[in-house]
Number of protein chains: 2
Amino acid sequence: MSESRDPRTRVIPEATVARLAVYLRVLTGLADAGRASVSSGELASAAGVNPAGLRKDLSYLGPCGVRGVGYAVPALRERLARALGVEQSRSCVLVGMGNLGSALAGYAGFGTRGFSFVGLLDADPARVGDVVGGTVVRPVDDLEEVVAEHGVTIAVVTTPAPVAQSVCDRLVDAGVRSIVNFAPVTLQVPAGVDVRQVDLSVELQVLAFLDQQKGVQVVGEQVVLP
Amino acid sequence: MSESRDPRTRVIPEATVARLAVYLRVLTGLADAGRASVSSGELASAAGVNPAGLRKDLSYLGPCGVRGVGYAVPALRERLARALGVEQSRSCVLVGMGNLGSALAGYAGFGTRGFSFVGLLDADPARVGDVVGGTVVRPVDDLEEVVAEHGVTIAVVTTPAPVAQSVCDRLVDAGVRSIVNFAPVTLQVPAGVDVRQVDLSVELQVLAFLDQQKGVQVVGEQVVLP
DNA sequence: AATTGTGAACATTTTCACAGCT
DNA sequence: AGCTGTGAAAATGTTCACAATT
């Protein structure tokens with residue numbers, strides 16, 4: 001038997017999954033603008049990737065387009081949303097209602113992207129009871145209850161670094177299997193739990209490195225400053 | 001001539017650079033705790049990577065440790081800071097003082113990580129004059145002036161999506177060559193300018209995909225739900 | 001005895017080139 | 001004629017195993 005071509009059994013590379021989310025964002029913009037179809041070249045340019053790579057990414061979902069024509073915008077958008085598992089809205093909790101947590105909870109864009117925050121939690125009694133983005137902030141002690149209540153499997157951690165690991169442990173014990181962590185610590189989790197780390201300091205340091213390199217040119221043995 | 005081993009001329013892979021920033025964060029914690037030395041195993045575990053990979057990452061900087069012993073914490077930390085170009089503080093501007101921009105500008109951790117925000121800019125006159133993290137918010141019209149004043153080469157964009165591209169264009173024209181973008185759009189920039197995109201929706205959608213996969217098991221031709 | 005540094009094997013990801021449809 | 005879909009090639013990244021060193 002040759003390798004299966006059935007989209008149900010084909011594995012999608014992780015790098016591709018991240019780009020599919022970007023294509024979905026671009027397609028939503030095109031759909032809102034009333035566009036009916038789009039070519040791989042235009043979509044790739046809007047997403048900042050190479051057109052052949054985009055076609056390969058989409059090919060993991062099975063044939064999506066029409067040769068000689070392009071892709072139908074609404075159909076492709078639906079297909080991507082289904083593949084990513086955001087066809088119907090998914091419930092998330094957010095722990096840590098400091099400035100960053102409040103900013104994220106208040107951003108209306110998540111609703112249109114397939115996520116809703118059913119629980120906002122904070123350890124500070126002064127913040128409990130506040131309403132952010134239409135949801136009331138509850139005490140962090142309610143964590144297990146909120147997760148169970150809504151069958152939450154995705155959480156966002158925006159707590160101070162020193163408590164992020166213990167919050168993470170509680171989330172995992174409560175049944176959460178996917179976490180986005182904004183605290184600048186590496187979370188330790190058991191196998192089967194996925195963590196995505198977002199750290200502005202790391203992003204800035206990568207840029208500082210690239211920036212520094214731009215000012216240095218190596219010719220033979222000599223380092224030349226332009 | 002064989003390939004150069006001179007650390008000045010050796011290229012460091014981008015994936016490695018991102019991890020070096022994480023090692024730097026862990027080392028700073030260890031230094032603060034008074035630790036003098038650390039092994040690749042312990043450092044790797046704290047950073048969430050494989051020990052052999054960590055040693056290979058560090059080897060791009062030239063020999064860093066002592067065989068049979070480990071790495072000297074303060075020396076390695078300094079070496080990493082120098083390699084990343086964050087030995088002395090770098091000036092950045094931040095455009096867009098909404099909730100997210102304010103949260104980032106107010107986070108004290110950047111100072112200790114080698115960055116200082118010398119310009120906070122916003123288009124809303126109601127926000128201009130506010131003081132966030134010790135810096136006064138200025139009108140976005142001052143963008144070119146602030147960048148020139150401090151020779152800024154790194155910027156953070158936290159504006160609403162519709163204006164992010166035009167802000168980006170102005171930053172690039174003013175001389176900025178490195179941008180972290182939090183707006184959910186793909187910025188178009190000329191060659192020589194680096195953009196790092198941070199998008200919580202993309203992170204959540206990747207997790208939604210992985211989450212969905214956990215619930216599906218394929219046996220032969222059959223898709224089985226556990 | 002313990003731990004680093006690294007070549008070699010392996011895996012993944014990106015790019016290319018072009019066959020295959022419409 | 002134009003654009004998609006994809007195998008093959010190239011590049012990049014990761015893991016392993018072990019020699020080298022203290």
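Below, chain A is the first sequence line, B the second, and so on; all start at residue 1.
Minimum heavy-atom separation, F115(A) to S201(B): CE1-O, 4.3 Å. Taking every heavy atom of both residues into account, N99(A) and A103(B) meet most closely at CB-CB, 3.4 Å. Nearest heavy atom pair, residue A174(A) against residue L143(A), reads CB-CD2, 4.3 Å.
When each of L58(B) and A15(A) is assigned the nucleotide of DNA chain C bearing its nearest heavy atom, the one mapping closer to the 5' terminus is L58(B). Along DNA chain D, the nucleotide nearest G68(A) and the nucleotide nearest A52(A) are compared for position; the residue whose nucleotide lies closer to the 5' end is G68(A). A residue-by-residue look at V66(A) and D57(A) shows that D57(A) has its nearest nucleotide of DNA chain C further toward the 5' end.
Atom CG of L76(A) is separated from atom C1' of dC3(D) by 15 Å (rounded to the nearest Å). When rounded to the nearest whole Å, the span between CD1 of I12(A) and P of dT13(C) equals 12 Å. Atom-to-atom, CD of E42(B) to P of dT4(C) comes out at 11 Å; the value is rounded to the nearest Å. Here the C1' atom of nucleotide dT4(C) and the CZ atom of R79(B) are 13 Å apart, to the nearest Å. Note: CG (L54(A)) to P (dT13(C)) measures 17 Å, nearest angstrom. In this structure, Y71(B) places its OH atom 14 Å from P of dT22(D), rounding to the nearest Å. Following rounding to the nearest Å, K56(B) (NZ) and dA11(C) (C1') show an atom-to-atom distance of 14 Å.
Not one side-chain nitrogen or oxygen of Y60(B) sits closer than 4.0 Å to the OP1 or OP2 atom of dG13(D). Checking the phosphate oxygens (OP1, OP2) of dT4(C), a side-chain nitrogen or oxygen of S40(B) falls inside 4.0 Å. The side chain of R55(A) places no N or O atom within less than 4.0 Å of a non-bridging phosphate oxygen (OP1 or OP2) of dT15(C). For N50(A) and dT13(C), the shortest distance from a side-chain N or O to OP1 or OP2 is not below 4.0 Å.
Looking at R67(B), its side chain has no donor and acceptor atom pair within 3.5 Å of the base of dT22(D).
Counted within 6.0 Å of CD on E14(A), heavy atoms from surrounding residues, nucleotides or ligands total 12 or fewer; the atom is thus considered open.
For R19(A), counting side-chain heavy atoms from C-beta on, the closest listed nucleotide (dT6(C), dT14(C), dT4(D)) is dT14(C). Closest to the side chain of C64(A), from the set dG5(D), dT22(C), dG13(D), is dG5(D).
Between R35(B) and E42(B), at least one side-chain nitrogen of the basic residue sits less than 4.0 Å from a carboxylate oxygen of the acidic one, meeting the salt-bridge criterion.
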